[in-house]
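Atoms considered below: every heavy atom in the structure, side chains included; atoms not considered: hydrogens, waters and symmetry mates. Numbers here simply count residues along the sequence, with the first being 1. Please read these numbers as outputs of a predicted model, since none were measured by experiment. Note that ligands are numbered from 1 as they come in the structure, with each ligand's atoms numbered from 1 the same way.
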Amino acid sequence: MRAEFTRVSWVNDPSVQDSSELPIRVVLGSDHGGLSLKNELAQYLTSQAIVVTDLGTHTADSVDYPEFGAAVGRAVVAGDAEFGVAVCGSGLGICIAANKIDGVRAVTIHDVTSARLSRAHNDANVICLGERLIGREVAKEALDVFLATAFEGGRHANRVHSLDALLTQQM
Ligand code: RB5
């Protein structure tokens, strides 16, 4: 069954009157280790009328994950998409890279519950997956839940603001 996706970022944009009419936008990126899962997820999202931007990589040639994780993070922070999907072999390196971008809250996800909590409590905006570690169906379900879960705000809001403030603090 298809999840009902929320338009979380659009809802927060005062210039958007009726967010329910707007498509959700997702930007994807991977290194060679995540190429196949990234491509499958891009197709999966496209089949659900989600607007997808694929930042690569596009071939099996060996590439470095920092470039692609950072590209996904920059696109989300720039507002080109509501959410990012970053895939590498483990889901780890590309997540570290995405989190280097100010405003990104990227999480490596292996299960559906973590996907839900990362949105509800942490307002995560980039989901990272490890092609060599996660099953395809779990990856799709986790992605569905990630996109469909709204940030709860409330007691979590200050914590998320504190998270974002850390990047601008100097030692
Ligand atoms: C590439 O072989 C692999 O190191 C990369 O995809 C990722 O797992 C790094 O964290």
Does ligand 1 have any N/O pairs with the protein under 3.5 Å, and how far apart?
residue  : atom   : partner : partner atom : Å
ligand 1 : 2 (O)  : Arg132  : NH1          : 3.4
ligand 1 : 6 (O)  : Asp31   : OD1          : 3.4
ligand 1 : 6 (O)  : Asp31   : OD2          : 2.6
ligand 1 : 6 (O)  : Gly89   : N            : 2.7
ligand 1 : 8 (O)  : Gly89   : N            : 3.4
ligand 1 : 8 (O)  : Ser90   : N            : 2.9
ligand 1 : 8 (O)  : Ser90   : OG           : 3.1
ligand 1 : 10 (O) : Ser90   : OG           : 3.2
ligand 1 : 10 (O) : Gly93   : N            : 2.9

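- Every ring pair (Phe, Tyr, Trp, His ring centres under 6.0 Å) that His156 has, sequence neighbours left out, goes to His121.
- Listed by chain and residue number, Arg136 satisfy the side-chain hydrogen bond (donor to acceptor under 3.5 Å, both in side chains) test with Ser36 (two or more places apart in sequence, or in another chain).
- For the pair Leu147 and Ile127, the minimum side-chain heavy-atom distance is 4.5 Å or more.
- With salt bridges taken as basic N to acidic carboxylate O contacts below 4.0 Å, one links Asp123 and Arg119.
- Shown here for Phe146 and Val107, the closest heavy-atom pair between the two residues is CE1-CG2, 4.3 Å.
- Every side-chain contact (heavy atoms from CB on, under 4.5 Å) that Val51 has, sequence neighbours left out, goes to Pro23, Arg25.
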